[in-house]
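Data block below; observations after.
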Amino acid sequence: MPACQDPSQELDGIQWPLPPAAAETAITTAPRRLRLGVMASGEGSNFEALTLACRADQLPADVLLLVVNNPGCRALERARRLAVPCRLIDHRRQPSREALDDALIEAFGEAAVDLVVMAGWMRIVSPRLVAAYPHRLVNIHPSLLPSFRGLDAVGQALEAGVTLTGCSAHLVNEQVDAGRILVQAAVPVRADDDHASLAARIQRQEHRILPLAVRLAAQRLGLLSSPADQGPGTQG
Ligand code: GRF
């Protein structure tokens, strides 16, 4: 069997905009396991899904460090259970947004991560963090961007009365929820949906697309080879 040329065939209908030519942002062509850092503020279900996807070899990557900003959050408990190194950087103890981001940059620098994933990070990041990880900062958002940016995207979708919403994994730029979209999944809104039921259905798709988005972001950087470059059975 030849390697699949059209990624959408492998993704069961998930939208996967093709990355621009790797040369645009290529850093290295030596594929190895990716080193990931993750930022989370609360539940941490996306952090766990990403960690498990790495461990199941769906993605040739390892989560080297989780940073949380809230003491006692569930993400912290998950990191302990999964034995992923975790650091608490409490934003309340930082004098400014820039100082918080400097602490993040230092922590991820020490862990020597290639990419950083904002998996439910409930703080707006400063341009400093974006500049420290150009094309290497990925966020997951519970809407089909560019619709419903910002806080409570699920509530915004219910309020607007849309019948279709979803989630987007995208690169982070200096505007909130506005960077290049990597992967999206559509989720229908049912007549009897409330906030909790719709959010749960969207989250199942988030868990699915986030590893794909990390793969794409890495491919754009030349940190992983593209599906078209790989022989049959070589995709992790
Ligand atoms: C997700 O729904 C994500 O889209 C948003 O925050 C939520 C985090 O959920 N940015 P969890 O902490 O990963 O469970």
Side-chain angles (χ1 to χ4, degrees), residues 14-15 36-55 58-59 61 63 65-82 84 86-91 100 104 115-125 129-130 133 137-159 162 164-173 175-189 193-214 216-217:
I14 289 177
Q15 181 187 333
L36 302 179
V38 179
M39 299 156 59
S41 295
E43 187 58 34
S45 70
N46 279 285
F47 153 69
E48 177 159 357
L50 185 60
T51 302
L52 295 180
C54 294
R55 292 184 180 175
Q58 289 167 27
L59 186 65
V63 178
L65 179 66
L66 172 73
V67 174
V68 300
N69 63 312
N70 287 317
C73 66
R74 282 261 297 149
L76 194 64
E77 290 170 29
R78 289 179 198 256
R80 285 198 189 112
R81 173 163 49 78
L82 294 164
V84 173
C86 181
R87 282 191 50 184
L88 167 67
I89 303 178
D90 189 338
H91 62 278
L100 173 65
L104 284 162
L115 278 130
V116 176
V117 179
M118 293 167 52
W121 182 253
M122 301 308 286
R123 315 292 307 168
I124 292 176
V125 299
L129 188 66
V130 179
Y133 287 94
L137 195 53
V138 175
N139 184 45
I140 182 83
H141 182 78
S143 78
L144 288 176
L145 290 171
S147 295
F148 311 132
R149 289 180 170 139
L151 286 176
D152 193 18
V154 176
Q156 290 184 55
L158 286 170
E159 178 69 26
V162 294
L164 193 69
T165 183
C167 49
S168 307
H170 63 95
L171 292 175
V172 176
N173 66 11
Q175 282 80 49
V176 175
D177 301 326
R180 172 188 280 271
I181 292 168
L182 295 167
V183 186
Q184 294 183 302
V187 173
V189 183
D193 262 333
D194 58 19
H195 195 286
S197 63
L198 181 56
R201 199 171 324 110
I202 291 172
Q203 274 218 324
R204 283 199 289 281
Q205 295 305 315
E206 290 184 342
H207 299 166
R208 196 167 164 231
I209 69 170
L210 190 53
L212 299 173
V214 170
L216 258 186

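Treat the numbers as computed from the prediction; the structure is a model and nothing was measured. Order of listing sets the numbers, starting from 1, for every ligand and every atom in it.
The shortest contact between atom 6 (O) of ligand 1 and any protein heavy atom is with Gly120 CA, 3.5 Å.
With respect to Val189, the side-chain contact (heavy atoms from CB on, under 4.5 Å) criterion is satisfied by exactly one of Val154, Leu164, Leu198: Leu198. A side-chain contact (heavy atoms from CB on, under 4.5 Å) with Ile202 is found for exactly one of Gln205, Glu206, Arg204, namely Glu206.
Numbered from 1 in the order shown, with element, the atoms of ligand 1 that lie under 4.0 Å from a heavy atom of Glu206 read 1 (C), 2 (O), 3 (C), 4 (O). Listed by number with element, the atoms of ligand 1 under 4.0 Å from a non-hydrogen atom of Ser45 are 11 (P), 12 (O), 13 (O), 14 (O). Close contacts of ligand 1 with Ile140, meaning ligand atoms under 4.0 Å from a residue heavy atom, involve 3 (C), 4 (O), 5 (C), 10 (N). Close approach of ligand 1 to His141 (heavy-atom distance below 4.0 Å) involves ligand atoms 4 (O).
Considering only heavy atoms from C-beta on, His207 stays 4.5 Å or farther from Glu48 through its side chain.
For atom 13 (O) of ligand 1, the nearest non-hydrogen atom from the set Val38, Asn46, Leu210, Leu50 belongs to Asn46. Proximity annotation for atom 12 (O) of ligand 1: of Ser143, Gly44, Ser41, Gly44 comes nearest, heavy atoms only.
With hydrogens and angles disregarded, no donor-acceptor distance shorter than 3.5 Å links the side chain of Arg149 to the backbone of His141. Formation of a donor-acceptor pair under 3.5 Å by the Thr165 side chain with backbone atoms of Val187 is not found in this model.
Heavy atoms of Ala40 come nearer than 4.0 angstrom to ligand 1 in no pair at all.
Between the side chains of Asn69 and Ser41, a donor-acceptor pair is found at a separation under 3.5 Å. Side chains of Gln203 and Ser45: a donor on one and an acceptor on the other come within 3.5 Å.
Residue contacts with ligand 1 for Gln203 involve side-chain atoms from C-beta outward but no N, CA, C or O (heavy atoms, distance under 4.0 Å). Residue contacts with ligand 1 for Met118 are absent, since no atom lies close enough (heavy atoms, distance under 4.0 Å).
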